[in-house]
Structures are given as C-alpha cells and as structure tokens.
Amino acid sequence: MRNGDPCVLVILGASGDLTHRKLIPAMYEMHQAGTLSKFSCILGVSRSKKTDEQWRTELAVWVQKQVKRFDASSWKEFSQRIYYEPGDAAIAEPYQRLGARITQLNSQHSCRGNVLFFMSVAPELYEPIVDQIGSAGLVTEGHRWCSLNQSERSWQRIIVEKPFGNNDASAASLNRSLGRVFDEEAIYRIDHYLGKEVVQSLLAFRFANSIFEPLWNNQYIDHVQITAAEVVGVGQRIAFYDATGAIRDMIQSHLMQVLAFVAMEPPTSFGADHIRSEKIKVIDALQLPDPNRLGDFGALGQYGASSDEKAYTELDGVKPGTTTETFAALRMEFVNWRWAGVPFFIRTGKRMAAKRTQIAIQFKPPAANLFQSVMPGHLSGNRMVIEIAPNEQFSLRFAAKRPGHMSISNVEMMMDYAKAFASEAVEAYGPLMIDAMRGDQCLYKHRLEVEGAWRAIMPFLDERSNGIRKGSQLNYAAGSWGPKAADDLLAREGRAWFNPM
Ligand code: BG6
C-alpha cells in the first residue's frame, strides 16, 4: 500500500474527545506502521490556550491508554511532530496566525504545500469554519510548491466527521458550503465503519468469489438483517444524543454504508468513482415508506432503567418528555431488479443485550422438503452471518445429515479473521486518514450518497414519525433486544430477528 503523501494535518477541534481517543492514537499507530510520511506533522487548533509541549503531554496520556503497542521512544519521536495553535476557528481572528503557522510547518517538515484539514468540531461549526478557511485563502490547490519537484502539485483537502447535517436540507447546505471552497475530489466525508476490516472485506467476499454472487438476489435471498447493538448507554454525550437519536447517529451514516455494500451492483473496478457511483445508485433505489403506514416500516424505543444506569428519559440533560429514540428498527426495500420484494431490516440500539454488529443474510428454504418424514414443515433455509464486531467472522449455516439414521440438523461453517490472518487490528481512523493523505476516496462518502441516505430516512425523522415515537410499548428493558414493536415488525411477515446467543 502506498504511504500517505507529506502534509500538515490540521485538526480543528484539538481538545475534543475524538481527537484524544481516536485521531492522535490512530496517527501514532500509522507512524509506528511506517505509513505516515516522515514529511508530515500535526497542528492542533482549539480555543483553549496551551503550548505545543503542554498538548504533547496531555496527548501522551491518551495515547498510552488507547494504543496497545505504545512505546515510549517511538512516541517521543512522533510527538516532536505535533504542534498546537490556540484560536476559535469559527471566526476570522486566528486565521492570519494559522496561515503563517501552516506555511512555517510546511517548510520546516518539507510537506510540499499539502494540507489536510480534519473537522473534529461540533457539527454546527462546520459551515462557519469552511467559510473562514476559504476566506483566509488557505485553499490554493494546484499552486506549485517551489522548494521540491517543480512538477509536483500541492493539495489541500478536508475530512468532515459525521453527523453530516441534521436532516436532508442541512446536509445539502453543508455540501454547498464545502463545494464553494473545495472541489468534490478534495472533500473526504468520513465514516469510521468504512475503516472496519469486515465491512471492506464484504467487497472482496462478494466480488472476488464467483459462488456467492449468483445467489445474491431476490431469487435466493428471503431477507437481510443488519444489526448494530451496543451494551453501553448514551454516556456523557447526553445533549448531543438527545438532539440526534439512533436513526441519525447510526443508521443515516454507518448502517446505510453497510447496507450499500451488501446491496450494490458489482462496480467496474475497485476505484473510488466506480464504487461510489454504485453506492449512490443503490441508495437511490430505496423506496420511501408510505407515510400513513410508518408503523409497518419502523419501530423506535427508549431504554429503561437498570441497576447501574437510569432510564434514558430520566438522565440529567435529557429534555422532559423527549421522544428521541435510543433504539430504531427500520424496514427498507429497494425498487430494483436485484432486490425487489426482499426486505432489509436494520436495527440499532443502546443498552441492548450484547455488543454485536452483524449482517445476517437469510436465504429462502429449498423449493420442496424431501425430508417431511424426519423434518416436518419447511426446511429453514441457509443463513450467512457476517459479524463485524466484536468478532470478525463469516459463517454459513447449512443443513446436514446427522450420523446414523436419517435426520437433518443445521451446522455452521466459519471463517474467523483473527485465525485466518495473523494481523493485529488498528484504530479504523488510521488507514482512512492515510487514504485521504494519498488521495484515495474509495472509502469515503460522495455528496450524493449522503444526501440519498438522508432522503431515505427523513420520513422517520419528521413529524410523520410522531405516531411511532410515542407509546409505552416502545420502551424496552435495558439488556434486552429492543421493544416488542421491533419484534412485531418482523413477526407480521412470519419472520423473526436473529439474536446472537
Ligand atoms: C458512533 C456513534 O459514530 O459510532 C456512537 O456516534 C456509537 O453513538 C459508535 O457508539 C459505534 O461505533 P462502533 O465502532 O463501536 O460500532
């Protein structure tokens, strides 16, 4: 794999949780792995006043906590490339200093004029900050950087964290603001699920084999379930979460990406343009639910109290009478030739029975049951489970004859990543940020994917969804698999959630 290009990585929102827990540890791991260019450095920007040295000392504590293979001497070497500039990035005031600092670091570390901005601030600051970056003239892509190879063009790019907007209109507005300053090729909408090994390996699984793809359609697949269940509650992010909810937090971004990888057509090549245009196409094919029958398409819920945590609605900071969902199950369908008639059930929730992120593909049962005498009724149909977390596994359930007399049982065939490949997992942000540093947008979202995903879920977010946001049957016990309404969503069609043991 090509290493990242030289660059100054400017982290806007340097004092935030994301920077401490994910971005700096991820960059340190990439430094250890040798994929971060030696000609690169990091400049953190946020409002609190501190020196380079103070920030390095703060970060050391986080990195030691987050990185298993922390090593004092490589940290020392890496931390010498970390700098800090105080300032409120949403207003014009610090930009002259910031611009001068970036220029100085660029020449000190021979970064060839390349700058990668990382937007790690509160989402309402995205647009003002992009405007300031533009007005300050920090984007000069294409200008030649004279101290190095004359033919080398410098670049400026930006990584934008989720949530990307709060609804379809605000996402489109953010896209317009970004587009006024950066070309689409320079905008990297990050989704850390696309950095997960198993999500990426779905592409290899589907398109580097010939035996699965012929079955991957409405002729053989009965339905698909995508689950992202978490044991944790909303934690310290109460205000953010109460204004966001499970659909925006997990489904609009992460699970829509997983859905697109499961359902998209084969791309022409493993290039960003080809992959992203297939994702745009398939997301566009999602059918909007009938607004008068939303209850048949979705179930929302809020978690109840447990011995160690209050019920969601009782947490300090949650609005009285809040209808924000901590659980959501949606039924989606594509209107296209491959998937017409195949429901995709997507669910996510906090305080559920187990941490589990998985895709379950339920195949149709065999056309006829020849084994009625030993197995009355329908044979159950094959099921493939692709587990993304906590384990990384592909498993296929199929029917086999038990030894001895004729009787049928389901057995499992399994591929476990950790066993098949001896590699240690790294923080998903690291390889994704290196991709942005080398100009690879394969694992980043296009403007149209984001807008399409918002369009598909808007009916569940606006006032039309009020009917499914209220009612005590939607509450669910902490430590369970969600509200009864979610079970009913499938039971109505004679289906059931596949809950891992
Ligand atoms: C984040 C959400 O994007 O993803 C969190 O904001 C959620 O609420 C997290 O906990 C889940 O990520 P992962 O990688 O643990 O599945």
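For ligands, and for the atoms within them, numbers begin at 1 and follow the listed sequence. In this text the structure is predicted, and so the values were computed from the model without any measurement.
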(message) Is it the case that the side chains of Asn114 and Arg157 hold a donor-acceptor pair, with the cut-off being a distance below 3.5 Å and no angle test?
(response) no
(message) My understanding is that only residues two or more places apart in sequence, or in another chain, count here; which of them pass ring-ring contact (aromatic ring centres under 6.0 Å, His included) with Trp481?
(response) none
(message) Residues around ligand 1, heavy atom under 4.0 Å from any ligand atom, sorted by chain and number. Can you pull those?
(response) Lys162, His192, Tyr193, Lys196, Glu230, Arg237, Asp249, Met250, His254, Lys350, Lys355
(request) Sort and list the pairs that fulfil side chain to side chain donor-acceptor pair (under 3.5 Å) and have at least one residue in residues 343-355, not counting sequence neighbours. (result) Thr227-Arg347, Glu230-Lys350, Ser306-Arg351, Asp308-Arg351, Arg347-Asn499
(request) Taking salt bridge (Lys or Arg N to Asp or Glu O under 4.0 Å) as the test, write out the residues that go with Asp284, two or more places apart. (result) Arg455
(message) Can you see whether Tyr303 engages Ser480 through a side-chain donor-acceptor pair at a distance of less than 3.5 angstrom?
(response) no
(request) Examine the side chains of Gln32 and Arg69 and answer whether a donor and an acceptor come within less than 3.5 Å of each other. (result) no
